Number of protein chains: 4
Amino acid sequence: MTRTVTAGTTDGGARPVPQRLLAAATRLFADQGYDRTSVQEIVEAAGVTKGALYHYFGSKDDLLHEVYGRVLRLQQERLDAFACADAPVERRLRDAAADVVVTTIENLDDTKIFFRSMHHLGPEKHKQVRAERRRYHERFRALVEEGQRVGVFSAATPADLVVDYHFGSVHHLANWYRPDGALTAAQVADHLADLLLRALRP
Amino acid sequence: MTRTVTAGTTDGGARPVPQRLLAAATRLFADQGYDRTSVQEIVEAAGVTKGALYHYFGSKDDLLHEVYGRVLRLQQERLDAFACADAPVERRLRDAAADVVVTTIENLDDTKIFFRSMHHLGPEKHKQVRAERRRYHERFRALVEEGQRVGVFSAATPADLVVDYHFGSVHHLANWYRPDGALTAAQVADHLADLLLRALRP
Amino acid sequence: MTRTVTAGTTDGGARPVPQRLLAAATRLFADQGYDRTSVQEIVEAAGVTKGALYHYFGSKDDLLHEVYGRVLRLQQERLDAFACADAPVERRLRDAAADVVVTTIENLDDTKIFFRSMHHLGPEKHKQVRAERRRYHERFRALVEEGQRVGVFSAATPADLVVDYHFGSVHHLANWYRPDGALTAAQVADHLADLLLRALRP
Amino acid sequence: MTRTVTAGTTDGGARPVPQRLLAAATRLFADQGYDRTSVQEIVEAAGVTKGALYHYFGSKDDLLHEVYGRVLRLQQERLDAFACADAPVERRLRDAAADVVVTTIENLDDTKIFFRSMHHLGPEKHKQVRAERRRYHERFRALVEEGQRVGVFSAATPADLVVDYHFGSVHHLANWYRPDGALTAAQVADHLADLLLRALRP
DNA sequence: GATGAATGAGCGTTCATTCAT
DNA sequence: CATGAATGAACGCTCATTCAT
């Protein structure tokens with residue numbers, strides 16, 4: 001029951017309330033988990049009251065759903081761009097595989113939320129997110145299958161499993177990657193894409 | 001599925017109370033998440049009362065900690081066995097990589113809990129689990145490094161990253177693997193170990 | 001169902017805003033009760049915004065008070081007309097008793113609100129309504145007493161009690177009368193007036 | 001989800017907690033209405049905490065349901081006793097009609113709640129209460145019909161309507177009867193039963 | 001060893017009302 | 001005239017934990 005947001009606040013150039021709420025919720029959900037984050041904490045972090053939150057969002061669950069919508073839209077768009085590029089399939093897969101790593105690292109909070117809190121969505125929203133996730137998976141799988149068909153990738157492993165293998169490592173980034181660590185996002189992306197392509201060598 | 005009776009069973013033939021509680025908690029935590037599972041649900045599922053739970057466990061948190069202890073112990077033991085085996089390093093790594101997949105699938109509930117509920121542990125228990133997890137990671141990494149040193153594995157990718165790559169896919173199993181799906185645990189393990197080894201080909 | 005336009009209608013042909021609000025509130029209060037009806041629901045049903053409601057009415061409470069005012073005025077007027085008619089007292093009482101039944105059934109929503117929501121009015125409005133109600137009661141009682149005095153009605157029962165006996169059954173209509181039931185409003189009115197007159201036979 | 005209450009408190013001879021809660025709720029519901037009475041008020045009046053209330057009752061709604069259960073049971077039992085008595089039908093109806101007045105006056109709070117708050121029950125409980133109420137109505141109607149059949153009562157009015165006529169006045173008692181008024185409960189009962197019987201004279 | 005009544009703090013949510021525009 | 005964002009207080013309810021028995 002998300003209400004459409006048309007205008008923002010005017011007080012002193014601050015970001016509009018719904019965006020402030022979404023940002024606060026994203027950070028808190030990622031840090032503490034969905035269940036451990038109270039609505040009170042969110043509104044305090046955003047500097048508004050509960051009433052304001054429920055003016056823009058139908059429920060705490062809705063807030064989570066919005067986060068999912070944002071990250072799903074972003075990733076799908078980027079994947080589409082790479083998959084449709086005019087390049088050999090091994091190049092397109094490599095670029096897509098590396099890009100999802102970079103994008104994930106740049107939005108680590110969203111990713112943490114994505115994989116840890118999916119089951120907190122109500123059944124209907126859960127189903128919707130799973131469907132969008134599925135589309136994403138299949139787009140990626142199509143690339144792998146294309147490469148296997150034309151013979152540049154080994155067909156020893158089912159394409160589905162290959163996709164889950166790679167996404168597993170992407171998902172796992174939220175568990176170990178630290179921005180102040182030894183590797184930049186681009187370096188990690190390069191290595192992980194490399195591992196995928198090497199694993200697919202015929 | 002162990003049936004070892006260690007402490008005072010009162011109602012002849014049933015498993016002792018602490019084990020019944022642990023089993024009930026494991027299933028419920030995996031199905032609904034730690035926060036969504038009430039102590040009341042656990043004791044009802046185990047067929048005891050709250051008093052009994054608090055007799056054996058100091059807190060709900062303790063219950064979770066016990067689950068972690070069990071799975072960590074199990075995985076460490078198995079890895080140690082494979083790592084110390086008398087075989088070429090590529091064989092030892094392959095066996096270890098495949099075994100963690102099988103073990104994970106056989107204990108999917110524990111794995112779900114492991115990755116989704118770590119942040120529910122209190123700080124000191126959290127630290128303890130992370131330390132044990134680290135030891136496990138390093139044991140595995142040592143195998144990769146050994147292979148790289150002796151030249152049977154490519155050294156293009158840092159060993160740490162290789163380990164996280166593989167464990168990412170293992171962790172991800174809880175998100176997609178279904179016992180009634182197309183592939184058996186052994187087949188999945190074979191494929192994933194294969195992908196790892198192929199990615200490491202010099 | 002009046003279509004009298006008293007104040008600034010803006011959107012050609014629709015009833016003015018205050019009347020739309022009052023009608024919406026009446027229906028909702030009767031269906032769900034005063035407390036279960038939110039101001040938001042009322043304004044949505046009336047097709048206006050909250051600001052508009054608070055422009056015309058001081059509070060939600062005010063809305064309820066208006067409903068009371070309308071029904072009280074209507075019933076008092078009708079009773080006065082029957083009581084002052086030029087006819088024998090038994091005829092006048094009978095007609096008045098039957099008319100209040102018909103009027104009540106024709107405005108069942110108002111009646112539901114009347115008896116269920118009186119205690120939701122603020123103290124001074126409550127007192128005011130009770131006073132008007134009292135006047136109505138006394139007007140009716142006067143008819144009974146008149147008949148008792150002239151001997152056409154039995155004086156075995158105090159007139160006050162007779163009035164409450166009849167009004168009890170009128171009040172109760174909202175609990176059981178259904179427009180699609182076996183009896184028309186007129187038939188019910190006839191029967192109830194009959195019972196009253198028969199009970200008063202000397 | 002009412003839990004069965006097996007034992008009470010031991011501190012100082014006070015009534016057990018569930019009974020204290022029920023008594024407090026009854027009084028408050030009658031005085032202020034169901035919606036206007038907060039759970040907080042109830043527990044404060046009963047001298048316990050919310051947790052205690054929810055230990056014994058599944059919901060606020062449950063509390064209301066218990067009140068209904070008590071009054072329905074009581075009235076049905078009394079009606080049954082009078083209806084089955086060994087006496088002419090006019091005597092049995094008169095006694096039953098008078099008794100329900102006395103019982104109602106003695107439990108005016110319950111009656112207020114009964115007629116004003118029925119629609120606050122959830123659909124399932126509502127249906128159940130309506131069914132029990134229906135049984136009561138039919139038992140009473142059977143008495144009227146019996147009298148009409150044997151000719152001691154006029155058959156001019158449908159028996160159903162006669163019953164609603166009388167119950168209307170009983171229901172209405174909560175709106176006007178005051179214990180410190182001019183009439184005792186027995187006197188009011190006598191008069192109202194009288195009116196009913198006189199209305200039914202052939 | 002085990003019970004279950006009771007606590008107390010906190011939860012997500014609702015809502016009549018206000019007020020700058 | 002009318003809007004709708006925002007408030008602030010209250011709501012019904014949950015739950016891990018304690019403790020007298």
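Here the structure is a predicted model, which means the values were calculated and not measured. Residue numbering restarts at 1 for every chain, and letters A, B, ... go by the order of the sequence lines.
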* side-chain N/O K60(C) vs dA16(E) OP1/OP2, d < 4.0 Å -> yes
* **Contacting residues from residues 32-48 of chain D, given that a heavy atom lies under 4.0 angstrom of DNA chain F** => T37(D), S38(D), V39(D)
* Asked: Hey, is the main chain of S59(A) close enough, under 3.5 Å, to the side chain of Y54(A) for a donor-acceptor pair?
  -> no
* Closer to the 5' end of DNA chain F via nearest nucleotide, is it G58(B) or G51(A)? -> G51(A)
* With no angle test and no hydrogens, is the base of dT14(F) tied to the side chain of K50(D) by a donor-acceptor pair under 3.5 Å? -> no
* Bracket string, DNA chain E, 5' to 3' - pairs by Watson-Crick or G-U geometry under 3.5 Å, | interstrand -> .||||||||||||||||||||
* Asked: Rounded to the nearest Å, what distance is computed from the NE2 atom of residue H55(C) to the C1' atom of nucleotide dT17(E)?
  -> 16 Å
* Please check if the side chain of S117(D) supplies one atom and the backbone of H120(D) the other of a donor-acceptor pair under 3.5 Å. => no
* Nearest-Å distance, CG (L53(C)) to P (dC1(F))? -> 16 Å
* To do: Specify the separation, in whole Å, of atom CZ of F57(C) and atom P of dT17(E).
  => 13 Å
* Taking only residues two or more places apart in sequence or in another chain, which ones pass side-chain contact (heavy atoms from CB on, under 4.5 Å) with T49(D)? -> A52(D)
* Would you mind checking if D62(D) and K125(D) are paired as a salt bridge, meaning a charged N to carboxylate O distance below 4.0 Å? => yes
* **Nearest-angstrom distance from the residue atom NE2 of H120(D) to P of dC11(F)** => 15 Å
* To do: Tell me whether the guanidinium CZ or amine NZ of K60(B) lies under 6.0 angstrom from the six-membered ring centre of Y34(B) and within 45° of its axis.
  => yes
* Asked: Of all the nucleotides listed (dT7(E), dA16(E), dA6(F)), which has the minimum atom distance to the side chain of A52(D)?
  -> dT7(E)
* Where the side chain of Y68(D) meets the backbone of I113(D), is there a donor-acceptor pair that is under 3.5 Å apart? -> yes
* Asked: Nearest to the side chain of T49(C) - dG12(E), dT3(F), dA6(F)?
  -> dT3(F)
* What do the steps show when you test E44(D) against Q40(D) for side-chain hydrogen bond (donor to acceptor under 3.5 Å, both in side chains), and what is the final call? -> CA-CA 6 Å; E44(D) 271 166 19; Q40(D) 190 59 45; 3.1 Å; yes
* Atom-to-atom span, CG of L21(D) to C1' of dA5(E) - whole angstrom -> 12 Å
* Nearest to the side chain of Y54(B), which nucleotide is it out of dA16(F), dG1(E), dA5(F)? -> dA16(F)
* To do: Return the value, rounded to whole Å, for the distance between atom CG of L63(D) and atom C1' of dC11(F).
  => 16 Å
* Salt-bridge test for R27(D) and D109(D): reply yes if a basic N is under 4.0 Å from a carboxylate O, no otherwise. => no
* To do: Might you work through the side chain to side chain contact (heavy atoms under 4.5 Å, CB included) test for L53(A) and F57(A), ending with a clear yes or no?
  => CA-CA 6 Å; L53(A) 187 154; F57(A) 301 94; 4.3 Å; yes
